[in-house]
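Report on one structure; see the data block that follows.
Proteins get letters first, then strands, A, B, ... in listed order; numbering begins at 1 in each.
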Protein chains: 2
Amino acid sequence: MKEDKEITIYDLAKHLKISAATVSRSLKDHPGISKSTKKKVQEAAKEMGYRSNNFARNLRKQKTNTIGVIVPKLNSYFVSSAIAGMEKIANENGYNLIISQSLESVKKEIANTITMFNSRVDGLLVSLAYDTENMEHFDVFFDKNIPVVFFDRVYEDSRSLNVIIDNYRNAYDITKHLVDEGCQRIMHIAGNLTRNVYAERCRGYKDALRDAGVEFQDELLIVNELSEEAGKELGKKILQMQNKPDAVFVANDVCAANCMQIIKTAGYSIPGDIAFAGFNNDPISKIVEPHLTTVNYPCYEMGEMAMRNLIDHLTGDGSISTTNKIILRSEIVVRASSLKGKGNNQGLHIA
Amino acid sequence: MKEDKEITIYDLAKHLKISAATVSRSLKDHPGISKSTKKKVQEAAKEMGYRSNNFARNLRKQKTNTIGVIVPKLNSYFVSSAIAGMEKIANENGYNLIISQSLESVKKEIANTITMFNSRVDGLLVSLAYDTENMEHFDVFFDKNIPVVFFDRVYEDSRSLNVIIDNYRNAYDITKHLVDEGCQRIMHIAGNLTRNVYAERCRGYKDALRDAGVEFQDELLIVNELSEEAGKELGKKILQMQNKPDAVFVANDVCAANCMQIIKTAGYSIPGDIAFAGFNNDPISKIVEPHLTTVNYPCYEMGEMAMRNLIDHLTGDGSISTTNKIILRSEIVVRASSLKGKGNNQGLHIA
DNA sequence: TTTGTATTTGCAACCGATTGCATAAAAATT
DNA sequence: AATTTTTATGCAATCGGTTGCAAATACAAA
């Protein structure tokens, strides 16, 4: 029944000999319209192949039904999983997503923020770039009361909601696990420490050491980009150390796996000589050998949760005003890379 | 200088004591407006914090500046990389992306298609779901002359542009390489053979065998989902074969890597007992041990290319009408998993 | 039948930018 | 100075829904 030309409510109105206002109300199930009229309109709409014009609607309602997402990089396990979760929820609720990547640069992040602002997104979901330190570019959103939800790489600010995991706790647990396995010289590889995720993991690492009576040593803390290449570099660096660590806790699986390879290739045994632990539970952690002890990060769920809360807030149910932080459950997953066999493993899930 | 209320061209017009039409034309650099007026308007716009309202614009122009992307699954290496490339190009050209996933189900794919249609995207980029066989759901787009570009998992249709790699050639090369390494019982693991990519790879495999004088055997061709789990299943299946293959060419790295693990754990040597080859050059291929011989698939570039062509077409430069297929360069990457050391490697790039 | 109340529907003014056509102003020509 | 040509601007309609308010119709009570 589709015509070549787009059908509008005016066409429907003319066809049914009623007003456009009534058509409009009928289509959105307005209470003031009689059941019979509604039915007539809805049927005619279907028959004639009517499709609502969002632009007219948005123009009039001053709402876009679009949510902006800014991430550091689309092609990583964490981000793509999180976005998959977001897409699902947004889709279910009739929201569109516009996605852009900062490619880990504040500059691009700022540009994207402006684009999003100009696209008049109803809300924004953001995971910060590696080097973002200043948050002024989000002020335009706060000023206009456009809700901003940060996830994973967040910014502590009373005006926004943060969805995170307990990085501190997990890092603490994993470090403690390494200690329990008998490690004493535990190295930690962190990302940029101004980024909450890495700062928290580092703090957990330090506190666990302290509580275990192991002294923290500056030389055992390294900050890098956590990329594949950084992992390889790291491996080489470790090989050159005269006093090598007996364990390495890396803030990210990809970096950990690549580092392990270098170490292994040089003839060291893992976990025998050096134990390893990562973070994220990236699929790679189950491929690298030995399998990598890591933290099971609920990426997909985090995306769902962040989106759900944003939408709830937009539709009024929500409460970004009252809720300020959502912490998702996550837990360490012990695998062979850290099992020296000396310690207990405290009933932790072994996969 | 930003006010609380949105500034419109009417505000600018009033402020400058000129008509809204002149403002509109000035802002878009219309030739009929004098330089001095244009400058005045553009300056005032900046000063007053004007931002153009896309909905009004779209409503009037009947164009959305939005491109729809439908993919099977967001969280895979291939897809996230391709989307990263698309986003880059779209962003550079002022287009927005709306992205949705079919989750490998035709049903959801159809639903997404309808959503995209109703969102009035200017164009569509699609990689088909695993089980899509019927293409009727794209007819609405073809009927309305909305360009559709398929990438990777494509559909041969004169009305659309396909962006692909030469799956046949690569599969042929990789199979030939295995033969050259001395393999005779080469197994091939394919995906759904109605999907072009898998059909082509399978064809390349068969032809390479034929040309090498190796007889194709039905029992050595297996179709599965190519997922992690499928890879493990496959490993078990191979272990149960009495007459095992001496090489396995899997149509996807993730599946290959997971299969290798099972085989290795059972005590077989790779490539000694069984050589392996995959497809995609997923990061996992450089982690699994031995490193996996595979095909370097230009995911990011494919995303860029698909998007660029779609946009060119929308802006009139393009020619989906004339171009019907774009084949990107790709090549096999030989790594340890297939090097039995008996054969030559024909100068192929070894990474 | 009349008045009052509740239920349905329509009128018309938005939302903000675009554009064909007409007009006004400036420049060039006679 | 009068006329033609060129250049610059404005008028007003249009895109398609939405919604406050008024009007019309239905139904109930008096």
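- Between Tyr50(B) and dA17(C) there is a side-chain polar atom (N or O) within less than 4.0 angstrom of OP1 or OP2.
- In this model, the phosphate group of dT18(D) is approached by a side-chain N or O of Ser24(A) to a distance below 4.0 Å at OP1 or OP2.
- Counting non-hydrogen atoms under 4.0 angstrom, Arg51(A) reaches the backbone sugars and phosphates but no base.
- For the pair Asn65(A) CG and dG17(D) C1', the interatomic distance rounds to 14 Å; values are reported in whole Å.
- For Ser102(A) and Ser105(A), the side-chain atoms include no donor-acceptor pair closer than 3.5 Å.
- Taking only side-chain nitrogens and oxygens, Gln62(B) never comes nearer than 4.0 Å to OP1 or OP2 of dT14(D).
- The CD1-P distance, from Ile9(A) to dG17(D), rounds to 5 Å in whole Å.
- The side chain of Ser19(B) contributes no N or O atom lying less than 4.0 Å from OP1 or OP2 of dT9(D).
- If you take CG of Asn54(B) and P of dC15(C), they are 18 Å apart, rounded to a whole angstrom.
- Atom NE2 of His30(B) is separated from atom P of dT19(C) by 9 Å (rounded to the nearest Å).
- Nearer the 5' end of DNA chain C, as judged by each residue's closest nucleotide, is the contact made by Pro31(A), out of Phe55(B) and Pro31(A).
- Between Arg159(B) and Asp139(B) a salt bridge is recorded (basic side-chain N to carboxylate O distance below 4.0 Å).
- Here Glu43(A) does not pair with Lys38(A) in a salt bridge; the nearest charged N to carboxylate O distance is not below 4.0 Å.
- The separation between Lys28(A) atom NZ and dG17(D) atom P is 13 Å, rounded to whole Å.
- Checked against side chain to side chain donor-acceptor pair (under 3.5 Å), Thr115(A) has no partners two or more places apart in sequence or in another chain.
- Closest to the side chain of Lys61(B), from the set dC15(C), dC11(C), dT19(C), is dT19(C).
- Counting any heavy atom pair closer than 4.0 Å across all strands shown, Leu27(B) reaches no nucleic acid atom.
- Among the atoms of the strands shown, only primed sugar atoms or phosphate atoms (P, OP1, OP2) are found under 4.0 Å from some heavy atom of Ser34(A).
- Ile33(B) places its CD1 atom 15 Å from the C1' atom of dA26(C), with the value rounded to the nearest Å.
- At a threshold of 4.0 angstrom between heavy atoms, the contacts of Arg60(A) include nucleobase atoms, whether or not backbone atoms are also involved.
- One atom, CD1 of Ile7(B), and another, P of dC15(C), lie 14 Å apart when rounded to the nearest Å.
- Across all strands, Thr8(B) comes closer than 4.0 Å only to sugar-phosphate atoms, never to a base (heavy-atom distances).
- Lys88(A) and Glu304(A) are joined by a salt bridge, as a carboxylate oxygen and a charged side-chain nitrogen come within less than 4.0 angstrom of each other.
- Along DNA chain C, the nucleotide closest to Tyr10(A) and the one closest to Arg25(A) are compared, and the more 5′ of them pairs with Arg25(A).
- Distances were taken from every side-chain heavy atom of Arg57(B) (C-beta onward) to each of dT18(C), dG16(D), dT9(D); the shortest belongs to dT18(C).
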